[in-house]
Amino acid sequence: EQRTLLHNIASDTPQPSADVASGLLDRLLATLRPVDAWLLREVELAQRSLADVAKEAGWNLGLASVRLFRARHRLKRAFDQLEPPTP
């Protein structure tokens with residue numbers, strides 16, 4: 001199912017269930033360092049403000065912004081490295 005989701009994302013076809021997408025996201029986040037995965041979950045999934053997350057982590061806003069940028073880049077790289085489905 002995750003392979004189908006990956007193929008569908010690449011071809012702009014209708015998306016499968018949220019459970020499959022969530023599973024793929026969990027798989028991708030598991031490839032990241034724990035702090036990167038935590039930061040992405042808090043800011044992107046829980047939709048908390050970066051300022052609140054930075055304060056909780058003890059980071060200044062500039063550092064948090066850079067860490068978020070890099071975490072997003074690592075997540076994209078992990079997604080790009082997934083094995084494409086075989087036709």
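Counting from 1, the numbers follow the sequence of the chain as shown. Values reported hereafter were calculated over all heavy atoms of this structure, with side chains retained and with hydrogens, waters and symmetry mates removed.
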May I have the list of side-chain donor-acceptor pairs in residues 38-45 shorter than 3.5 Å, sequence neighbours left out?
from	atom 1	to	atom 2	distance (Å)
E42	OE1	R48	NH1	2.7
E44	OE2	R72	NE	2.7
E44	OE2	R72	NH2	2.3

Take V53 and L68, measure what side-chain contact (heavy atoms from CB on, under 4.5 Å) needs, and give me the verdict at the end.
CA-CA 10 Å; V53 174; L68 181 60; over 6 Å; no
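- Under the side-chain hydrogen bond (donor to acceptor under 3.5 Å, both in side chains) criterion, D26 pairs with no residue, sequence neighbours left out.
- Judged as a side chain to side chain donor-acceptor pair (under 3.5 Å), not a single pair has a partner in residues 58-68 (not counting sequence neighbours).
- Applying the salt bridge (charged side-chain N to carboxylate O under 4.0 Å, His left out) rule to R33 yields the partners D36; only residues at least two apart in sequence or on another chain are considered.
- Counting heavy atoms from C-beta on, the side chains of T31 and Q81 never come closer than 4.5 Å.
- Residues satisfying the side-chain hydrogen bond (donor to acceptor under 3.5 Å, both in side chains) test with K76, not counting sequence neighbours, are D80.
- Heavy atoms only, all atoms of each residue included: L75 and L32 are closest at N-CD2, 3.9 Å.
- Listed here is the closest heavy atom pair of L50 and A64: CD1-CB, 3.8 Å.
- Scanning for side chain to side chain contact (heavy atoms under 4.5 Å, CB included) contacts around S49 gives A51, D52, with sequence neighbours left out.
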